[in-house]
Amino acid sequence: MAISSVNSPSAERRPVVIVGAGPAGLAVGNVLRAASVGCVVLEAESRAVVERRPRAGVVEEWAVRALEQRGLTEGLLARAQRHSACEFRFAGERHRLEYGELTGRHHWVYPQPLLVTDLVREYVDVRGGDARFEVRDVELRGLETDRPSVSYTCPETGERRLLHCDFVVGADGARGVSRAAVPAGRARIARHDYGIGWLALLAEAPPSSDCVVFGVHPNGFAGHMARSPEVTRYYLQCPPGDDPENWPHDRVWSELRLRLAAEGAPPLTEGRLVEKRVLDMHDYVVEPMTYGRLFLAGDAAHLVAPIAAKGMNLALHDAFLLADALVAYLDGGDRTGLDGYSVACLRRVWDYQEFSQWLSEVYHGAAAGDPFRAGTASARLRRLFTSPVAAAAFAEQYLGTAERY
């Protein structure tokens, strides 16, 4: 029996190799398994880490319906909260926007770790999918040929393993190997830096409102988002690169009370802060989202700051378009979906990026230190609550209904 070495990796073959076990990669894997298309998911972290990584929790209604069509909503429909309104607080007043009444649609609040846990369980435990966690030194080769391959180091044996395939799905995030495998000059990367940070907080405290609350204040933006009946997500605008240790318990709650204050608003229910991390607000878009037999999805292809809670929804949009296109080609030879994948995804990506940029000015203009930006931000807010047309346009973009999947 030949002994494999680093220089002669043991080889297997799968039609599709998926790099990354986030929402995009797992959604693709589940759709392929349901269609009996062979695939394997490679992930650098352990299953336990993947299932508890702190991430966003807003799922748009179209995404819930798309998950439901594929049998992937058992946990979500049982435990998620439905939201049909949001509230802006500025100039000491509360302004509620009933987007459910305007559109007949709503948001679902379901933390990404719960969705990922559901998707891993369905892929591995229910559908018998092949997922390999804690792999090391992943390399993508031959992407411009009809015989691409992915190699990695097995964590149990230290053996080098090789997977030949027809297609590679790069869904391993902003710092993964997939995006780095696209040679310089073969894709344009458009970037935008907002020059601000958000202190992301998770409090062991029940929500203090029945909806998402956005506080627009000269001290900076503040956000309140329910995560469960016992846990609330808060955000505080801060300098980019700020140290979370600069925000002890008392300072956090003092600023939250100040920035979310408004006449008639109930007091905030305080609780222990179980998470504090600073998110620097920036965006990027890789265009096109393909290189040879490599198809990028989710944060590997585009990052949208959490300003409008669009990231997970874009990842799912990519995943469903790509998975359906792969099934159509591998089952019947139809290349239409694969050929149009990047263009179809980028239409929604740029729409969401534009809305995030618009909303950022609403959130952060008052604290910009620029009277002109503060004035235009105030004008946008006034228009939102005095013009039914402006309110309806906001609701459509906020809910992601402008271009349905």
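Numbering starts at 1 and runs along the sequence shown.
Under the 4.5 Å side-chain criterion, counting only non-hydrogen atoms from C-beta, Leu201 is in contact with Leu199.
Within the 3.5 Å criterion, the main-chain N or O of Arg272 finds no donor-acceptor partner in the side chain of Glu204. Side-chain atoms of Ser46 come within 3.5 Å of backbone N or O of Val49 as a donor-acceptor pair.
At least one cation-pi condition fails for Arg65 and Trp62: the charged atom is not both under 6.0 angstrom from the six-membered ring centre and inside a 45 degree cone around its axis. Cation-pi geometry between Arg70 and Phe320 is satisfied (NZ or CZ under 6.0 Å from the ring centre, within 45° of the ring normal). A cation-pi arrangement is not found for Arg382 relative to Phe90, the charged atom failing to lie both closer than 6.0 Å to the ring centre and inside a 45° cone about the ring normal. No cation-pi contact links Arg186 to Tyr291, judged by a cut-off of 6.0 Å to the six-membered ring centre and 45° from its axis.
Under a cut-off of 6.0 angstrom, the local environment of CZ in Arg14 is crowded, with over 12 non-hydrogen atoms contributed by other residues, nucleotides or ligands. Other residues, nucleotides and ligands contribute at most 12 non-hydrogen atoms within 6.0 Å of the CZ atom of Arg141. In Arg147, the CZ atom is not crowded: 12 or fewer heavy atoms of neighbouring residues, nucleotides or ligands sit closer than 6.0 Å.
Using cut-offs of 30° and 60° on the angle between ring planes, the pair Phe214 and Tyr398 is perpendicular. In this structure, Tyr363 and Phe221 have parallel ring planes: the angle between them is below the 30° cut-off, well short of the 60° mark.
Applying the salt bridge (charged side-chain N to carboxylate O under 4.0 Å, His left out) test to residues at least two apart or on different chains, the pairs with a partner in residues 327-344 are Arg335-Asp339.
For the atom pair CD of Gln357 and OH of Tyr194, the computed distance is 5.0 Å after rounding to the nearest 0.5 Å.
Arg132 and Tyr152 are linked by a side-chain donor-acceptor pair at a separation below 3.5 angstrom, with hydrogens and angles left out of the test. A donor-acceptor contact closer than 3.5 angstrom is absent between the side chains of Thr153 and Arg161.
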| task | Take Val213 and Cys86 through the side chain to side chain contact (heavy atoms under 4.5 Å, CB included) test and state the conclusion after the steps. | result | CA-CA 6 Å; Val213 179; Cys86 62; over 6 Å; no
| Step-by-step side chain to side chain contact (heavy atoms under 4.5 Å, CB included) determination, His302 to Leu314 | CA-CA 9 Å; His302 41 72; Leu314 280 178; 3.6 Å; yes
